[in-house]
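The structure under discussion appears below in the form of structure tokens.
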There are 2 protein chains.
Amino acid sequence: MTLSPETQSSLIRLGGQMMLAGKAYEYDRELADEIGPRLTGSANYVRATDWAVAEFTRLGLSNVHKEGWKIPATWEPETLATARMILPHEQRLHLESEGWSPSTPDGGVRGSVLYLADLRAESLKAAAGQIKGAIVLVDNASFNTVISKGFGVLFDALDQVGKDGAKAIILGIGTTNDAPSMIGVTNFVGSIANVPVGNLGKEDTLLLKRLLERGAVEHSPVEVEFSFKNRIHKNVTVNNVVAEIPGTDASGDYVLIGGHLDSWHPGTGAQDNGTGAATVVAVAEAIKASGLKPKRTIRFVLFGGEEEGTIGSIRYAQQHAGELSKCVGVFVTDTGAQAPKGWYDFGRADESDALNAIKPLLDSLGAGGVTTDGEYTFETDESAFLIKGVPAFVLWTPVDKYIQIHHKPSDTFDKVNQRDLNLGAATVGVTAYAFADAGNTLKHYSAKEVEDQLKAVNAYTEYQDMVAHKVL
Amino acid sequence: MTLSPETQSSLIRLGGQMMLAGKAYEYDRELADEIGPRLTGSANYVRATDWAVAEFTRLGLSNVHKEGWKIPATWEPETLATARMILPHEQRLHLESEGWSPSTPDGGVRGSVLYLADLRAESLKAAAGQIKGAIVLVDNASFNTVISKGFGVLFDALDQVGKDGAKAIILGIGTTNDAPSMIGVTNFVGSIANVPVGNLGKEDTLLLKRLLERGAVEHSPVEVEFSFKNRIHKNVTVNNVVAEIPGTDASGDYVLIGGHLDSWHPGTGAQDNGTGAATVVAVAEAIKASGLKPKRTIRFVLFGGEEEGTIGSIRYAQQHAGELSKCVGVFVTDTGAQAPKGWYDFGRADESDALNAIKPLLDSLGAGGVTTDGEYTFETDESAFLIKGVPAFVLWTPVDKYIQIHHKPSDTFDKVNQRDLNLGAATVGVTAYAFADAGNTLKHYSAKEVEDQLKAVNAYTEYQDMVAHKVL
């Protein structure tokens, strides 16, 4: 990447603006505290899109608008879930409806618990007689028997459990404090599961497993009951929100700064992904406040449907397929406000080379690093662009704090560190602006190059799984 | 303490029995997993006392029986609590009924939230006009304004808030993951609070406080609603469980090994105090299994009502006042199964001197230490004995894990480490047996000596508070 002295100076000005007067913290507070959980397509999600349109408009951005796409179903809890163990003795359980689960029948669902240690097709076939009529419990150990083949295969297995006549499924995948941890049983596309799926806290899951193990000795069943009602609307239009700061040249080239606006229901999505959405708006504000005019257009996009399989960004890439060749770089944030270490480049050496042009500036923020770690490929909204060969970057932060709170009741604004959020936003703003103002651009990868790239970062199996499940 | 070579040899035999074949882990599993939460006087508590009587009888102990005492009210949740914020927007809150709270009125309690930063009498007087009709939120910062004077003063303040016409009180004293953390608003004696008291998770508490702070600027109220029904029985007899291994001499002297059998409702009381109750039974079993005959009687006591103000042990000491002079030592466990460091001696140098006789054995278990730390004085069932001058010991373990899980949903059996529990039980068994078999005994303190002792460990204010509130 070649940068003029003027661009270098602009980047310093912009970075200073973001570090000292950036507004990401306040935007995240508004999203998390004042709007709250933002399930894709829910009333709160609609409020969040209205908020984003109003903010982008207030900031004087151009071409502010919503872009709709259909989702098979939107979903949000209508009642608080209740759950208890009935046998071998009565005890409250800490369970919430998993996302995109149907409601339980009136009066709830009740039955004996069957723990399935193995979700491979042949094991499910062997267990089919036991599954029928049971409430099936699966945990991370069960997931591990199939997850190496991709989430689609996991969702197929859960779907098969429903087809085999299970009364319900309980996911015991939480990691702490009897707090459920959502994954969304939507088969990646926003469809409703075929049986009620509850998500149970860690300690209660371990209790059921211990009692089942004991029951194998003493022949006493473990029986549970749970009940919840969810508000489900079929075939709904969900909006991404788009706004621009126009470039000064006439090339039509643009950089895209994106993040998802939706969240899970147990918390308020302050870290996942209030921080990313707030970053997008805060970068827009800082560029406007600095008075800088980038050579290329900067497009800001807030996506919906990320938690259900990055649906919003996939639809965006499909709707904008004709102009993806004009996109010189995509910059996404989705790992919360921990002090950034740099960028995920998904194995593209030309991306890390390009970043060298601004490495001293990023080093000053502690964010001069690059990782080729492919474990987080397809984890968020970069994937729809990456597979089309667009240079894609995801902000790289530590994930230890993220892992403790994401998709959980503890994902709330008190977890957000203002300085660390500003560091992340400054990193996004400076990097994306450099790409918007640079003398040259990176090439787009061909389909073959993308395939090689995915293999190099060990993400090809996951990619094939998503293609096989008609996600990508 | 003088110990014969035969006693030293017995201690080694007993310690080996407990470490290699001790049953505390299995007893704790039965209490936590198979009986569950054991609120004082609840149906589960009664099951636990029946279990203890059956176990002591099966082990061949003598004089196995229950000893009853009256409590003003027993309490357990009848329905799952539901709670939400209504203004400035609707959002689920993570709230449970505090112990010994009355039920909310039909339809729940609803109102504006008032945060009280200061619970001192003069501050409450100044705020009385605002308190009337409000739902009063208090947190640890509020508690800290009065807690140095003792829990009785804190409970008085909460009582005053009810008298001032608050609709309800919300305690925001949890420390993690939106999980409530119980204290019991019983004024130490097992009475029912004068208004409904909800216990709110940490993150929700912080949300309400942030919104209230904002509201002070924007004049928007923060309104919440919550509902729960509790099963309350007035004036109930609760039983301690007592059993003995008779001594070979005719002195009538005895050592007492005790722990509380009751627990809070959010978890299953596996650490608090399943580990302590299991230790008591496991020590009895190990002594019987070893075939040892102690010189003095060893009395095993499982107390109720500890969580409501150590009521069971206080009543026990009152009922047995006439023979406390025969009690040569009390050994209590209540900080969960972390590897023991030794004993709390509450500042009695003669106690730590006595322990020197078995220090090599305890050092082998990592438990040869003694602490004079008075912070944990009056925290559990030693207090009723300590204030009567009886040599009292509480097992000393690290409390970092305990602090994370006690009184919370996460207090479950998966937290218990079998080896560490065996180490604690062996420490209790070996130490108590040494006192039961020693050539000499420690003196009882006079009232004046107890007073000096309490002053020396900075526990005198707390003692006075308990006396002033008719607890001791």
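Chain identifiers are assigned alphabetically (A, B, ...) following the order of the sequence lines, protein sequences preceding nucleic acid strands; residue numbering begins at 1 within each chain. Every value quoted in this text rests on a predicted model; they were computed, and no experiment measured them.
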Closest heavy-atom pair and its distance - A:Gly41, A:Val238: CA-CG2, 3.9 Å

Part of A:Ile405 lying under 4.5 Å from any heavy atom of chain B: neither

Chain A contact via B:Ala81 - which portion, at a heavy-atom distance below 4.5 Å: backbone

Show me, pair by pair, the donor and acceptor atoms from chain B and chain A that are under 3.5 Å apart.
from: B:Asp33; atom 1: O; to: A:His89; atom 2: ND1; distance (Å): 3.4
from: B:Asp33; atom 1: O; to: A:His89; atom 2: NE2; distance (Å): 3.1
from: B:Asp33; atom 1: OD1; to: A:Arg210; atom 2: NH2; distance (Å): 2.6
from: B:Asp33; atom 1: OD2; to: A:Arg210; atom 2: NE; distance (Å): 2.5
from: B:Asp33; atom 1: OD2; to: A:Arg210; atom 2: NH2; distance (Å): 3.2
from: B:Glu34; atom 1: O; to: A:His89; atom 2: ND1; distance (Å): 3.0
from: B:His89; atom 1: ND1; to: A:Asp33; atom 2: O; distance (Å): 3.4
from: B:His89; atom 1: ND1; to: A:Glu34; atom 2: O; distance (Å): 3.0
from: B:His89; atom 1: NE2; to: A:Asp33; atom 2: O; distance (Å): 3.1
from: B:Arg92; atom 1: NH1; to: A:Glu96; atom 2: OE1; distance (Å): 3.3
from: B:Arg92; atom 1: NH1; to: A:Glu96; atom 2: OE2; distance (Å): 2.8
from: B:Glu96; atom 1: OE1; to: A:Arg92; atom 2: NH1; distance (Å): 3.3
from: B:Glu96; atom 1: OE2; to: A:Arg92; atom 2: NH1; distance (Å): 2.8
from: B:Glu203; atom 1: OE2; to: A:Lys415; atom 2: NZ; distance (Å): 2.7
from: B:Arg210; atom 1: NE; to: A:Asp33; atom 2: OD2; distance (Å): 2.5
from: B:Arg210; atom 1: NH2; to: A:Asp33; atom 2: OD1; distance (Å): 2.6
from: B:Arg210; atom 1: NH2; to: A:Asp33; atom 2: OD2; distance (Å): 3.1
from: B:Lys415; atom 1: NZ; to: A:Glu203; atom 2: OE2; distance (Å): 2.7

Starting at CG of B:Leu200, measure out to CD1 of B:Ile173 and round the result to the nearest 0.5 Å. 10.5 Å

Could you tell me the separation between the CG atom of B:Leu31 and the CG atom of B:Leu302, rounded to the nearest 0.5 Å? 8.5 Å

Check each atom of A:Pro409 against the heavy atoms of chain B and say whether the ones under 4.5 Å are side chain, backbone, both or neither. both

With side chains defined as the heavy atoms from C-beta onward, is the minimum distance between A:Leu208 and A:Val224 less than 4.5 Å? yes

Give, as side chain, backbone, both or neither, the part of B:Pro77 having an atom under 4.5 angstrom from any heavy atom of chain A. neither

If the condition is side chain to side chain contact (heavy atoms under 4.5 Å, CB included), which residues does A:Ala168 pass it with, not counting sequence neighbours? A:Val109, A:Ile135, A:Pro196, A:Phe226

Which atoms form the tightest heavy-atom contact between B:Pro37 and B:Gly267, and what is the distance? CB-O, 3.5 Å

Quick one: does B:Phe228's side chain get under 4.5 Å of B:Leu95's, heavy atoms only? yes

Looking at side-chain heavy atoms only, is the closest gap between A:Val113 and A:Leu212 below 4.5 Å? yes

